[in-house]
Protein chains: 2
Amino acid sequence: MLSELLAHIGKFVNLNTREENLLTEHFTNTGLNKKEYLLKEGQVCKHNYFVAQGCLRMFFINEKGTEQITQFAIENWWINDTMSLIKQTPSEFSIQAVEDSKVFCLHKDAQQILYDKVPSFQQYMHSVEQHAHAAAQMRMKYLYSYSKEEHYINFIQRFPEFAQRVPQYMLASFLGFTPEYLSELRKKLT
Amino acid sequence: MLSELLAHIGKFVNLNTREENLLTEHFTNTGLNKKEYLLKEGQVCKHNYFVAQGCLRMFFINEKGTEQITQFAIENWWINDTMSLIKQTPSEFSIQAVEDSKVFCLHKDAQQILYDKVPSFQQYMHSVEQHAHAAAQMRMKYLYSYSKEEHYINFIQRFPEFAQRVPQYMLASFLGFTPEYLSELRKKLT
DNA sequence: CGCGGGTTTGATGATGCTCAAGCCCGGTGG
DNA sequence: CCACCGGGCTTGAGCATCATCAAACCCGCG
């Protein structure tokens with residue numbers, strides 16, 4: 001059942017069969033239809049989510065009442081509202097399926113149990129978090145470096161698949177500008 | 001020697017004397033004068049740094065040739081170039097002292113050894129990274145939510161100490177605008 | 001066929017940058 | 001103790017980038 005996840009873990013550490021079984025016992029899995037929610041703003045985030053198939057987005061509602069996307073997650077990405085997860089406070093974000101998706105869910109308590117029983121899983125998660133941290137630092141660097149236009153060009157070069165997979169207005173939201181401006185850019189760049 | 005760090009760790013987990021000694025053995029410490037470097041762009045980042053006293057900044061040089069600050073670190077903050085640390089590639093950032101500072105340095109190899117020998121230290125570091133991740137998510141949210149003016153107002157309200165401690169032009173750089181515009185804002189907001 | 005979500009177009013205007021100059025003030029050398 | 005740097009902060013004019021708003025358009029789906 002966890003094949004996608006086990007394959008991903010296998011890239012970082014080795015697990016024996018007993019350990020794989022332990023993991024399988026402590027995860028749950030969910031199928032999501034497009035537009036279904038994993039987490040809604042105001043709920044407390046209790047799980048860490050691994051995307052096995054499909055695409056999720058994380059967003060919040062800004063003061064103008066429009067959705068603001070802060071993150072996407074596709075195959076082999078983990079996603080959660082970390083602040084809500086750590087402090088068990090109401091989430092300021094929602095997580096929703098952009099496409100029909102398959103997700104593995106790890107409850108925070110199950111995660112703690114697994115850490116105690118399967119050290120190499122802890123090692124794996126540690127490595128995942130380090131990569132997330134590194135990615136966040138690079139993302140900040142890009143934000144400081146580029147104009148919105150450069151930002152767009154850069155993004156579609158580095159993630160060409162994405163430009164296909166998600167609607168333009170979500171891309172615009174994620175990149176921090178309006179659909180109108182994105183449209184203008186696209187026109188200009190042909 | 002590690003008193004500030006041990007005190008900070010003590011807020012999250014408990015260490016016995018033996019464990020504290022192990023930590024002491026595996027850290028080194030450095031005193032830094034204002035403007036001294038811990039890491040220069042192009043070097044490989046080999047340490048994780050804990051600020052015991054003082055203030056550091058992390059920055060890179062953008063295409064216009066000006067310094068762009070992405071992060072500060074004051075007492076009880078950890079700082080590193082995570083990408084460089086993970087992949088052992090040349091760093092794209094520099095880390096420099098803003099004030100005379102005292103820093104504890106943990107070499108990546110020593111870190112691995114400590115993880116094996118002192119599980120609660122690993123737990124502590126895990127918690128530190130989770131907080132960093134949560135902070136990064138919130139920072140992104142702020143970036144999407146606020147105009148530069150709101151951003152400035154927000155920052156000085158949430159970190160009033162900072163506005164005193166670092167020169168204006170560094171604040172402006174960190175907040176992502178020009179010293180001229182910051183000056184304009186300050187005038188307007190009195 | 002018609003509806004509605006998503007994209008495009010264009011006019012207008014605010015936000016925040018650039019550049020050039022002046023000012024303030026603390027440190028340094030005479 | 002004074003004079004003079006020079007770094008940092010301020011001021012102002014002009015300008016680029018990007019948002020807003022309103023309207024039209026396109027196209028897949030019921």
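Proteins come first, then strands; the chains are lettered A, B, ... in the order of their sequence lines, and each starts at number 1. Every value quoted in this text rests on a predicted model; they were computed, and no experiment measured them.
Put simply, OH on B/Y152 is 18 Å from P on C/dT15, counting in whole angstrom units. Between the NZ atom of A/K148 and the P atom of D/dA16 there is a distance of 19 Å, given to the nearest Å. Between the P atom of C/dA21 and the CD atom of B/E184 lies a distance of 19 Å, rounded to the nearest Å. Following rounding to the nearest Å, B/K64 (NZ) and C/dC19 (P) show an atom-to-atom distance of 10 Å. Following rounding to the nearest Å, A/L182 (CG) and D/dA19 (P) show an atom-to-atom distance of 10 Å. Taking atom NE2 on A/H151 and atom P on D/dT17, their separation rounds to 16 Å, with Å as the unit. Atom-to-atom, CG of A/L171 to P of C/dG6 comes out at 14 Å; the value is rounded to the nearest Å. Summarising the geometry, the separation between OH on A/Y181 and P on C/dG13 is reported as 19 Å, rounded to the nearest angstrom.
Cation-pi geometry between B/K141 and B/Y144 is not met at under 6.0 angstrom from the ring centre and within 45 degrees of the axis. Remark: B/R57 is positioned above the aromatic ring of B/F59, its terminal NZ or CZ atom under 6.0 angstrom from the ring centre and at most 45 degrees off the axis.
At the heavy-atom level, A/F177 lies under 4.0 Å from the strands shown only through sugar-phosphate atoms. Within the 4.0 angstrom heavy-atom criterion, base atoms lie near A/E180.
You'll find that the side chain of B/Q168 is closest to D/dC9, out of D/dA19, D/dC9, C/dT8. The listed nucleotides are D/dC18, C/dG10, D/dT20; the one nearest the side chain of A/K187 is C/dG10. Here D/dC9 is the nucleotide among C/dT9, D/dC9, C/dT15 with the atom lying nearest to any side-chain atom of B/P167. Between C/dT8, D/dC9, C/dC17, one nucleotide has an atom nearer to the side chain of B/Y169 than all others, and that is D/dC9.
Put simply, B/T178 has a side-chain N or O that comes within less than 4.0 Å of OP1 or OP2 on C/dC17. Within the structure, a side-chain polar atom (N or O) of B/R186 is placed less than 4.0 Å from OP1 or OP2 of D/dT10.
No side-chain donor-acceptor contact under 3.5 Å links B/E41 to the backbone of B/F60. Although no hydrogens or angles enter the test, the distance criterion places no donor-acceptor pair under 3.5 Å between the side chain of A/E129 and the main chain of A/H126.
Mapped onto DNA chain D by nearest heavy atom, B/K35 and A/L185 fall at different nucleotides, with B/K35 at the one closer to the 5' end.
Under the side chain to side chain donor-acceptor pair (under 3.5 Å) criterion, the residue pairs touching residues 180-190 of chain B are B/E149-B/K188, with sequence neighbours excluded.
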